[in-house]
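Notes to accompany the following structure.
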Amino acid sequence: MSFEKLAEKIFPKVEYSIEYYMEKYPKRNLKEGAKVVRYAPSPTGFQHIGGVFAALINERLASQSEGVFYLRIEDTDQKREVPGAIDDTIATMHHFGLDFNEGMTGQETSKGEYGPYRQSQRAEIYNTFAKDLLIKGLAYPDFCTPEELAELREKQIANKITPGYYGEYAKFRNITEEEALERIERGEQYIIRLKSPGNPENRVDFHDLIKGDISFPENNQDVVLIKGDGLPTYHFAHAIDDFLMRTTDVIRGEEWLSSLPIHVQLFEVLGFEAPRYAHIPTIMKQDGGSKRKLSKRKDAEAAVSYYKEVGYPTVTVIEYLLNIVNSTFEEWRAENPTADYHEFEVQLEKMSKSGALFDLVKLNDVSKDRIAAMKADDVYANYIAWAKEYDEEMYTLVTSNETMAKEIFNIDKEGPKPRKDYAKWDEVQDKIFYFFDELFDRETVEQIELPKGLTIEVAKEIINTYKDEFNFNAGSQEAWFEDLKEIGIRLGYCANRKEFKANPDQFKGMISDVAGAVRSALAHRNNTPDLYTIMQIMGEEKVRSRFEKFLGI
């Protein structure tokens, strides 16, 4: 059945032929094996960490193969569009080092020869292909009202029949051209549906780049191609766009796996070669004894803004996501501690087929490793960039004391096992506050941590003697500790653990208690880097001032 008159009536303004678009968007001139991939969000909200996860996989595969990574905006559902979402997508991806080779560069701007890259601006293209399907009898107008469709669904469910618009249940599937034209003349509303050639008794064998070989029944649903507002459905638009933009690999969330029968069929009906597909496992979270999908509503870490606000360096988030993409990344990083992560080759076939588990504890471990591997100058630069936006007081204190701050960030950096103090920048203040009088002086006596078994009074007795007898300019950590040990022994503290265990009543405590009292006086904390190093960074004047403050508490 041909619908030439009807096609002309529905699409009178279609100027070009299918052949025109085939020529306008030719096969890309890329080297063999180069992948053309896309990140194609709907502008219905702000970015989720799952979006960064998907974009990272696409970007790596394009980059590794010297291919193309492009941004397409799928905005056919315009009622749900959120102002600023496109700019947010571009800014977010740039923040994570995921820049597009072509596609949208702003709300209304783009780059590349395969545009427009917003689906709402491609109506002419979709209409050309829809018109062609109508002419060939592979599509038809459907005049069913929403009420009729709802009633049909209820009846099918009540009778335990697979719900949907197909076969004998597709009321207008075999409409004549004359009847269709009459209904349009009367002003009846309609949509354009695919006349599915599928039979669910037949199965389609398919190879997914992540899931492996899969099999599913043919689609027999007469899916909507063009909605009542004249815009295409996701299914129709994506098939045309992926072909004309010459996408080689579609890498998307596994929630789209159930739509694969429709998409495979659309490519066949349109006469296109289908791209390869890879369905990424959903990012999950451990919640008690079970796993659930990472939720924008329940989980702060689902929003990409969270990582910036708490101060995870972007490189650590990317490296953590690469751990989820390929578990071999961890081993590669251990073997290549100073290499740029771009040197790691992502391999889809090595990706987990089940849900990817997002674990903040693991992210913190990765982040501590990456920050520990940074040079002190880089830690300083990264930290003040974060603090400028999120902690104005620390920004002022650290930048006003740049030399001291860099010395602090360099503590135990030079050795084979650098310190792993911070996983994110919002943890820095609590770890280094005691170097700054402005923060240290706000502490109350209740906040002072003391060695186990030591009272504030006993600690003060130690400091009262130590402040007069210690040698600040001992010259080395070893000489300084010998000095502390001598003072401690004179005060009645034991330098030998075995001797102390054998005769605990003969001593006030261990030399570690003396060092602990000094640490409490200088930092108010039990757990700090090496005391000698802290004292050298603070300088003698501040150290002596801290002892006096401690005695005055």
Side-chain angles (χ1 to χ4, degrees), residues 1-18 21 42 74-81 118-157 161-198 219-241 259 261-263 265-271:
M1 187 190 296
S2 170
F3 282 153
E4 285 194 45
K5 274 189 191 173
L6 182 63
E8 198 55 49
K9 176 72 177 176
I10 293 173
F11 299 112
K13 293 180 181 174
V14 166
E15 290 181 43
Y16 302 109
S17 65
I18 285 173
Y21 289 112
S42 297
E74 301 194 333
D75 59 345
T76 56
D77 189 352
Q78 297 198 299
K79 291 194 289 283
R80 294 177 59 220
E81 185 165 338
R118 279 183 76 158
Q119 289 185 333
S120 60
Q121 296 171 357
R122 296 171 64 83
E124 176 75 16
I125 299 171
Y126 308 131
N127 289 347
T128 302
F129 285 89
K131 184 176 183 178
D132 184 67
L133 292 179
L134 273 172
I135 290 169
K136 290 175 178 172
L138 297 170
Y140 63 92
D142 173 33
F143 297 89
C144 267
T145 63
E147 293 75 24
E148 286 177 298
L149 290 171
E151 189 182 334
L152 170 66
R153 182 177 173 80
E154 282 173 22
K155 279 183 183 174
Q156 288 170 326
I157 291 170
I161 295 164
T162 303
Y165 200 81
Y166 61 93
E168 64 186 283
Y169 305 105
K171 181 178 175 182
F172 292 95
R173 182 179 174 90
N174 296 312
I175 191 170
T176 64
E177 189 169 47
E178 291 73 21
E179 184 188 346
L181 286 165
E182 279 175 25
R183 285 177 176 271
I184 291 171
E185 288 292 343
R186 289 202 299 268
E188 288 186 36
Q189 298 297 303
Y190 62 92
I191 55 178
I192 307 293
R193 286 187 183 271
L194 171 73
K195 194 169 189 176
S196 172
N219 170 63
N220 71 330
Q221 297 277 347
D222 287 358
V223 295
V224 180
L225 303 180
I226 305 288
K227 299 178 293 184
D229 61 5
L231 286 170
T233 56
Y234 166 79
H235 302 305
F236 191 49
H238 115 278
I240 292 168
D241 292 345
S259 300
I262 295 169
H263 298 163
Q265 188 177 81
L266 279 170
F267 277 97
E268 285 177 1
V269 168
L270 288 162

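All residue numbers in this chain count up from 1 along the given sequence. Every value quoted in this text rests on a predicted model; they were computed, and no experiment measured them.
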Pairing of E74 and R118 as salt bridge, 4.0 angstrom limit: no
Is it true that E185 and K9 have a side-chain N and a carboxylate O under 4.0 angstrom from each other?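 K9 and E185: salt-bridged.
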side-chain contact (heavy atoms from CB on, under 4.5 Å) partner of I191, chosen from I226, D142, L225: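 Passing option: D142.
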Which distance, rounded to the nearest 0.5 Å, do you find between the [atom1] of [X] and the [atom2] of [Y]?
| X | Y | atom1 | atom2 | result |
| --- | --- | --- | --- | --- |
| E4 | K131 | CD | NZ | 9.5 Å |
| Q221 | Q265 | CD | CD | 10.0 Å |
| L231 | S120 | CG | OG | 7.0 Å |
| L138 | F129 | CG | CZ | 13.5 Å |
| T233 | H238 | OG1 | NE2 | 10.0 Å |
| R173 | K195 | CZ | NZ | 6.0 Å |

Could you check whether any side-chain heavy atom of [X] comes within less than 4.5 Å of a side-chain heavy atom of [Y], counting everything from C-beta outward?
| X | Y | result |
| --- | --- | --- |
| L270 | D132 | no |
| P197 | E268 | no |
| Y21 | E124 | yes |
| Y190 | I10 | yes |
| P232 | Q119 | no |
| F236 | V223 | no |
| L149 | Y165 | yes |
| V269 | L194 | yes |

Test your reading of the model: is there a side-chain donor-acceptor pair from E177 to the backbone of L6, 3.5 Å cut-off?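 Between the backbone of L6 and the side chain of E177 there is a qualifying donor-acceptor contact (under 3.5 Å).
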With side-chain contact (heavy atoms from CB on, under 4.5 Å) as the criterion, how do K5 and L181 come out once you've worked through the C-alpha distance, each side chain's angles and the decisive distance to 0.1 Å? CA-CA 8 Å; K5 274 189 191 173; L181 286 165; 4.3 Å; yes
Do [X] and [Y] have a side chain donor and acceptor closer than 3.5 Å?
| X | Y | result |
| --- | --- | --- |
| Y140 | D222 | yes |
| Y166 | N219 | no |
| N220 | S196 | no |

Using the rule given for side-chain contact (heavy atoms from CB on, under 4.5 Å), can you reason through D241 versus R122, listing the C-alpha separation, both sets of side-chain angles and the distance that settles it, and then say yes or no? CA-CA 9 Å; D241 292 345; R122 296 171 64 83; 2.7 Å; yes
Let's go through D77 and Y234 carefully: what are the C-alpha distance in whole Å and the side-chain angles of both, what is the deciding distance for side-chain contact (heavy atoms from CB on, under 4.5 Å) to 0.1 Å, and is it a yes or a no? CA-CA 9 Å; D77 189 352; Y234 166 79; over 6 Å; no
Can you tell me if Q189 has over 12 outside heavy atoms packed within less than 6.0 Å of its CD? no
Return yes when atom CZ of R153 has more than 12 non-hydrogen atoms of other residues, nucleotides or ligands closer than 6.0 Å, and no otherwise.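 Atom CZ in R153 is not crowded, with 12 or fewer foreign heavy atoms closer than 6.0 Å.
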Quick one: is the NZ or CZ of R193 closer than 6.0 Å to the six-membered ring centre of F172, and within 45° of its axis?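 No, a cation-pi geometry is absent between R193 and F172.
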What closest approach, in Å, do [X] and [Y] show between heavy atoms, and which atom pair accounts for it?
| X | Y | value |
| --- | --- | --- |
| P141 | L134 | CD-CD2, 4.2 Å |
| F11 | A130 | CZ-CB, 3.8 Å |
| G230 | N127 | O-OD1, 4.2 Å |
| H235 | S259 | CE1-OG, 3.8 Å |
| T176 | F3 | C-CE2, 4.1 Å |
| L152 | Y169 | CD2-O, 3.6 Å |

Between T76 and K227, does the side-chain contact (heavy atoms from CB on, under 4.5 Å) criterion hold? Intermediate values first, please. CA-CA 10 Å; T76 56; K227 299 178 293 184; 4.1 Å; yes
Counterpart residues, salt bridge (Lys or Arg N to Asp or Glu O under 4.0 Å), relative to E154 (two or more places apart):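 By the salt bridge (Lys or Arg N to Asp or Glu O under 4.0 Å) rule, E154 matches no residue at all.
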